[in-house]
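Here the structure comes first, spelled out in structure tokens, and everything after it is commentary.
Note: hydrogens, waters and symmetry copies are ignored here, and every other heavy atom, side chains too, is used.
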Amino acid sequence: MRIENRIKTKIKICGLRRREDILAVNESGPDYCGFIIEFPKSFRSVTAEKVRELVKELSPEIQPVGVFVNASMELVTGLLNDGTLAAAQLHGQEDETYIRELKQLSDKPIIKAFSVKTAEDIEKAVQSPADYILLDQGSGGTGKTFDWSLIPEIEQPFFLAGGIGALNMKQAICEIRPYAVDLSSSVETEKWKDPKKIRQVVDIVRRI
């Protein structure tokens with residue numbers, strides 16, 4: 001099978017905002033965890049100072065990722081360069097100029113998210129100067145998938161997000177073969193991160 005010789009898919013749990021969430025990921029051990037930073041439109045948003053506080057208790061084996069939406073360059077580079085974040089994930093209208101400038105100001109990886117509605121959206125995504133691209137349904141954290149059949153063979157590593165959970169995780173990994181899967185709402189109960197659900201999806205990824 002085509003998937004036998006590839007690198008094992010990684011997993012990112014996004015939208016952490018409490019100490020309890022940090023303890024949950026420390027126990028289950030995903031590869032990445034994400035914090036939505038300074039974006040008040042999201043109920044998962046946390047301040048930069050809160051992220052600095054939470055990351056202090058994060059296992060060193062888990063890479064903290066900051067999720068930003070049209071944020072100032074100062075906010076992003078500040079958290080990258082002071083050691084708080086291992087990577088930045090951009091979910092707004094950040095263009096190539098923004099990404100190239102950010103890469104000049106920090107040596108940390110940049111992930112650029114793209115909303116996928118058509119095959120042309122993916123063609124645009126693969127042209128990005130970001131280190132990784134993230135393919136999503138649209139607005140983050142909606143729990144909805146997009147048409148995975150639109151995804152062609154992509155040589156560069158990419159994150160797959162949008163509606164991925166315990167029920168379709170194996171299908172997503174075996175059929176799409178992403179570098180990493182990104183989950184948020186599917187590991188929540190009543191809008192709060194659920195340690196049991198986090199453990200379940202991490203275990204599924206590790207077994208595949």
Side-chain angles (χ1 to χ4, degrees), residues 3-37 42 44-46 48 50-68 79-80 82-91 107-111 113 131-136 140-141 143 145 156-208:
I3 63 171
E4 287 179 348
N5 295 321
R6 65 174 179 80
I7 298 173
K8 287 184 68 68
T9 296
K10 299 181 185 299
I11 181 169
K12 174 173 169 279
I13 303 297
C14 200
L16 275 59
R17 49 193 164 127
R18 305 177 298 168
R19 181 173 182 268
E20 290 91 335
D21 301 339
I22 297 295
L23 298 178
V25 295
N26 283 350
E27 181 180 351
S28 59
D31 302 282
Y32 302 91
C33 69
F35 304 91
I36 299 172
I37 301 173
S42 172
R44 301 182 181 94
S45 179
V46 291
K50 183 65 174 180
V51 173
R52 289 188 174 98
E53 174 188 327
L54 292 172
V55 166
K56 290 178 181 178
E57 294 193 68
L58 184 67
S59 166
E61 298 178 355
I62 303 172
Q63 297 191 57
V65 179
V67 178
F68 301 94
L79 289 164
L80 289 173
D82 71 3
T84 300
L85 300 176
Q89 181 173 315
L90 309 177
H91 265 267
D107 61 357
K108 301 291 179 63
I110 306 300
I111 306 163
D131 299 285
Y132 303 92
I133 57 175
L134 182 146
L135 306 179
D136 199 354
T145 61
Q156 70 190 95
F158 69 95
F159 286 67
L160 181 65
I164 303 172
L167 296 178
N168 62 356
M169 178 77 76
K170 185 174 181 179
Q171 177 190 4
I173 291 175
C174 294
E175 292 185 7
I176 312 302
R177 306 189 316 282
Y179 167 79
V181 288
D182 193 334
L183 292 77
S184 184
S185 60
S186 66
V187 291
E188 292 177 346
T189 297
E190 297 182 351
K191 294 188 175 183
W192 294 103
K193 289 292 179 284
D194 187 320
K196 292 182 180 179
K197 291 181 178 179
I198 293 174
R199 164 63 71 181
Q200 181 184 24
V201 295
V202 172
D203 286 347
I204 290 172
V205 171
R206 299 300 182 229
R207 289 198 302 265
I208 296 175

### Any Val46 side-chain heavy atom under 4.5 Å of Ile36 side chain
no
## Note on the structure
For Glu61, the side-chain hydrogen bond (donor to acceptor under 3.5 Å, both in side chains) test, sequence neighbours excluded, returns none
### Message
If you compare all heavy atoms of Asn26 against all heavy atoms of Glu57, which two are closest, and at what distance to 0.1 Å?
### Response
ND2-O, 2.8 Å
### Message
Go through it in stages, so that I can follow the logic: the residues are Phe35 and Leu54, the test is side chain to side chain contact (heavy atoms under 4.5 Å, CB included), and I'd like the CA-CA distance, side-chain angles, deciding distance and then a yes or no.
### Response
CA-CA 10 Å; Phe35 304 91; Leu54 292 172; 3.9 Å; yes
### Query
Leu23 and Glu27: side chain to side chain contact (heavy atoms under 4.5 Å, CB included), yes or no, with the steps?
CA-CA 6 Å; Leu23 298 178; Glu27 181 180 351; over 6 Å; no
### Summary
From the list Lys196, Lys197, Gln200, side-chain contact (heavy atoms from CB on, under 4.5 Å) with Val187 holds only for Lys197
### Task
Go through the steps for Cys33 and Leu58 under the test side chain to side chain contact (heavy atoms under 4.5 Å, CB included), then give the verdict.
CA-CA 9 Å; Cys33 69; Leu58 184 67; 3.7 Å; yes
### Message
Are the side chains of Asp136 and Leu160 in contact, using a 4.5 Å heavy-atom criterion?
### Response
no
### Query
Can you name the side-chain hydrogen bond (donor to acceptor under 3.5 Å, both in side chains) partners of Arg18, sequence neighbours left out?
Asp21
### Message
So Lys12 and Gln89, do their side chains get closer than 4.5 Å, heavy atoms only?
### Response
yes
### Message
Filter on ring-ring contact (aromatic ring centres under 6.0 Å, His included), then keep only pairs touching residues 187-208, sequence neighbours left out; what's left?
### Response
none
### Query
Among all residues two or more places apart in sequence or in another chain, which pass the ring pair (Phe, Tyr, Trp, His ring centres under 6.0 Å) test with Phe68?
none
### Query
Do Val25 and Val202 pass the side chain to side chain contact (heavy atoms under 4.5 Å, CB included) test, and can you show the C-alpha distance, the side-chain angles, and the key distance before you say yes or no?
CA-CA 9 Å; Val25 295; Val202 172; over 6 Å; no
### Message
Holding to side-chain hydrogen bond (donor to acceptor under 3.5 Å, both in side chains), I want the full list of residues that pass it with Lys10, two or more places apart in sequence or in another chain.
### Response
none
### Task
Using the salt bridge (charged side-chain N to carboxylate O under 4.0 Å, His left out) rule, collect all pairs that involve residues 198-208, keeping only residues at least two apart or in two chains.
Asp31-Arg206, Arg199-Asp203
### side-chain contact (heavy atoms from CB on, under 4.5 Å) involving Lys170 - partner list, sequence neighbours excluded
Cys174, Ile208
### Query
Taking only residues two or more places apart in sequence, or in another chain, which ones meet Asp131 in a side-chain contact (heavy atoms from CB on, under 4.5 Å)?
Lys103, Pro109, Ile110
#### Entry: Pairwise side-chain contact, Ile198 with Asp194, heavy-atom cut-off 4.5 Å (strictly under)
no
### Query
Got a sec, which residues hit side-chain contact (heavy atoms from CB on, under 4.5 Å) with Lys191, two or more places apart in sequence or on another chain?
Arg17, Phe43
### Query
So, does Lys193 use its side chain to make a donor-acceptor pair with the main chain of Glu188 at under 3.5 Å?
no
## Note on the structure
For Val67 and Cys14 the tightest heavy-atom approach is CG2-SG, 3.7 Å
### Query
Taking side chain as C-beta onward, heavy atoms only, is Leu79 less than 4.5 Å from Ile37?
yes
### Query
Could you state the interatomic distance from OH (Tyr32) to CD1 (Ile11), rounded to the nearest 0.5 Å?
12.0 Å
### Query
Can you name the side-chain hydrogen bond (donor to acceptor under 3.5 Å, both in side chains) partners of Asp82, sequence neighbours left out?
Arg52, Thr84
#### Entry: For the student: nearest non-hydrogen atoms of Ala86 and Gln63, plus distance
CB-OE1, 3.7 Å
### Task
Can you sort out the partners of Tyr132 under ring pair (Phe, Tyr, Trp, His ring centres under 6.0 Å), two or more places apart, ordered by chain and number?
Phe159, Tyr179
### Query
Can you check whether Asp182 reaches Ile164 side chain to side chain, under 4.5 Å on heavy atoms?
no
### Task
Kindly write out the residues that satisfy side-chain contact (heavy atoms from CB on, under 4.5 Å) with Gln156, not counting sequence neighbours, or none if the list is empty.
Val126, Ile133, Ile154
#### Entry: Pro178 backbone acceptor or donor facing Thr9 side chain under 3.5 Å
yes
### Message
Tell me whether Glu20 at atom CD has more than 12 heavy atoms from other residues, nucleotides or ligands lying less than 6.0 Å away.
### Response
yes
### Query
Are the side chains of Val201 and Val205 in touch, meaning some heavy atoms are under 4.5 Å apart?
no
### Query
Do Ser184 and Arg44 get their side chains close enough for a donor-acceptor pair, meaning under 3.5 Å?
yes
